[in-house]
Amino acid sequence: MAADGTRGGRGALIVVEGLDRAGKSSQCEFLHKSLQESGRSAKYIRFPDRTTAIGKLIDSYLRGQSQLDDHSIHLLFSANRWEIAQSIESDIAGGTNVIIDRYSYSGAVYSAAKGNPSLNLGWAWEPEIGLPKPDLCIFLSISSEEAAKRGGFGGERYENEAMQSRVRELFSSVFGMQRNTNIQTIDAGKSFEEVSQDISMVVNECIARVDPASPLGKLESIHGL
Ligand code: FDM
Ligand code: MG
């Protein structure tokens, strides 16, 4: 059985991006379950994948247990995607829909948001070029007011107001510059049910649209970055 419940064909690569507290993980889990319940093959992965050797370095950095140069940690986040890229490609080729919680967009935007003068968005995007390209990228958009209502920040690095508001601006610039990528912005300030319905609509459209004959694309450079 293929991704859409028919024979043959490849799966769709669906990325979910957004700020902390936008509800990415709960929506991804729900989407994963609903795809499986509708008889489709689906897998859910998240970045950073903290289980690999590289992921453990990232985890320790995020928890504030280690210090790393901004460029070094940036490249580790990217390497953490590259080490899983092949398995994503083979899942997709085998007909499984892959849902990814955070991807290269978070990678570029969070690093660039630190304001290091030698680490701008353009530099940050470079190591992402060539990774599997999403067939759909859902941006769960949430206002700072709504995010604040959802409770305080956790204790990890980047979980503070100044960083989040820079991240918000940079997500808009990056998504505004994307030309050949299917980006769908969804208002994540609505109820869980409403958001999951909006997600399900764009995901079903995407799965129906994925051309079984055309292979998964690769991320390209972003013009104007
Ligand atoms: N993050 C995540 C990055 O800085 N770069 C990346 O490439 C990725 C995938 O890691 F603050 C940041 C975003 C967030 C933190 O992610 C951990 P979760 O999803 O909040 O656990
Ligand atoms: Mg977080």
Side-chain angles (χ1 to χ4, degrees), residues 13-32 44-85 87-88 98-116 118-134 137-142 144 146-148 150-175 188 219 222 225:
L13 180 56
I14 297 151
V15 162
V16 180
E17 283 283 9
L19 283 118
D20 292 277
R21 296 180 295 176
K24 286 181 302 304
S25 305
S26 358
Q27 289 292 349
C28 283
E29 279 160 25
F30 185 79
L31 173 63
H32 180 216
Y44 166 44
I45 59 181
R46 55 183 305 169
F47 288 115
D49 175 350
R50 303 187 192 219
T51 64
T52 67
I54 293 169
K56 289 188 176 119
L57 294 173
I58 296 173
D59 181 61
S60 145
Y61 174 81
L62 286 172
R63 290 167 184 268
Q65 290 164 353
S66 63
Q67 310 300 323
L68 283 169
D69 165 74
D70 293 338
H71 308 80
S72 297
I73 181 64
H74 178 73
L75 295 172
L76 288 175
F77 273 113
S78 184
N80 187 230
R81 281 182 281 282
W82 278 104
E83 64 182 339
I84 292 152
S87 84
I88 295 175
V98 179
I99 305 158
I100 311 184
D101 186 344
R102 287 197 193 275
Y103 198 53
S104 303
Y105 307 97
S106 277
V109 158
Y110 277 78
S111 287
K114 292 168 155 180
N116 184 320
S118 63
L119 205 177
N120 61 17
L121 269 183
W123 194 96
W125 187 257
E126 284 297 311
E128 306 304 314
I129 297 172
L131 281 170
K133 177 177 169 171
C137 173
I138 297 169
F139 176 49
L140 291 186
S141 163
I142 187 164
S144 43
E146 183 57 34
R150 297 187 177 184
F153 289 111
E156 289 206 328
R157 223 181 267 264
Y158 308 154
E159 294 184 324
N160 61 75
E161 200 51 57
M163 187 68 187
Q164 299 290 314
S165 72
R166 274 296 285 156
V167 165
R168 179 189 314 278
E169 287 170 20
L170 291 175
F171 265 134
S172 317
S173 342
V174 169
F175 290 139
L219 285 178
I222 301 177
L225 214 62

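Indexing begins at 1, ligand by ligand and atom by atom, following the structure's order. As a basis for the values below, the full set of heavy atoms in this structure was taken, side chains included, without hydrogen atoms, waters or symmetry mates. Just so we're clear, the structure is a prediction, and the values are computed from it rather than from any experiment.
- Rounded to the nearest 0.5 angstrom, Arg63 CZ and Ile58 CD1 are separated by 13.0 Å.
- At least one heavy atom of Pro48 sits closer than 4.0 Å to an atom of ligand 1.
- For Glu159, no nitrogen or oxygen atom sits less than 3.5 Å from a nitrogen or oxygen atom of ligand 1, counting backbone and side chain alike.
- Annotation: side chain of Trp125 is in contact with side chain of Leu219 (closest heavy-atom distance under 4.5 Å).
- In summary, the atoms of ligand 1 found under 4.0 Å from a heavy atom of Gly107, numbered by their order in the structure, are 5 (N), 6 (C), 7 (O).
- At a 4.0 Å heavy-atom cut-off, ligand 1 touches Arg46 through the side chain alone.
- Nearest protein heavy-atom contact of atom 2 (C) of ligand 1 is Phe77 CE2, 3.6 Å.
- Contacts between Asn80 and ligand 1 below 4.0 angstrom, taking non-hydrogen atoms only, are absent altogether.
- Less than 4.0 angstrom separates some heavy atom of Asp20 from each of these atoms of ligand 1: 20 (O).
- Of all atoms in ligand 1, numbered sequentially from 1 with element shown, those under 4.0 Å from a heavy atom of Arg81 are 6 (C), 7 (O), 9 (C).
- Atom OG of Ser118 and atom CG of Asp69 lie 7.5 Å apart (nearest 0.5 Å).
- Looking at Pro127 and Leu75, their side chains come closer than 4.5 Å, going by heavy atoms from C-beta outward.
- Side chains of Glu17 and Val109 form no contact here, defined as non-hydrogen atoms less than 4.5 Å apart.
- Counting atoms of ligand 1 from 1 in the listed order, those under 4.0 Å from a heavy atom of Leu62 are 10 (O), 15 (C), 17 (C).
- Within the 4.5 Å cutoff, no side-chain heavy atoms of Val167 are placed close to those of Tyr158.
- Among protein heavy atoms, atom 16 (O) of ligand 1 sits closest to Arg102 NE, 3.3 Å.
- Of all the heavy atoms of Asp101, none lies under 4.0 Å from any atom of ligand 1, so neither backbone nor side chain is involved.
- Gln67 places no side-chain N or O within 3.5 Å of a backbone atom of Tyr61 that could act as its donor or acceptor partner.
- In this structure a side-chain-to-backbone donor-acceptor pair under 3.5 Å is present from Ser165 to Ala162.
- Shown in contact with Phe47 at under 4.0 Å from a heavy atom are these atoms of ligand 1, numbered in order with element: 9 (C).
- In this structure, the protein non-hydrogen atom closest to atom 21 (O) of ligand 1 is Arg50 NH2, 3.1 Å.
- Atoms of the protein (N, O or S only) found under 2.8 Å from the Mg ion (ligand 2) are Asp20 OD1.
- For an aromatic pair to be called close, the ring centres must be under 6.0 Å apart, and Phe77 with Trp82 fails this.
- Asp20 places a side-chain heavy atom less than 4.5 Å from the side chain of Gln164.
- Leu13 is listed as a side-chain neighbour of Val98, based on a closest heavy-atom distance under 4.5 Å.
- For Glu146, the salt bridge (charged side-chain N to carboxylate O under 4.0 Å, His left out) partners two or more places apart in sequence, or in a different chain, are Lys149, Arg150.
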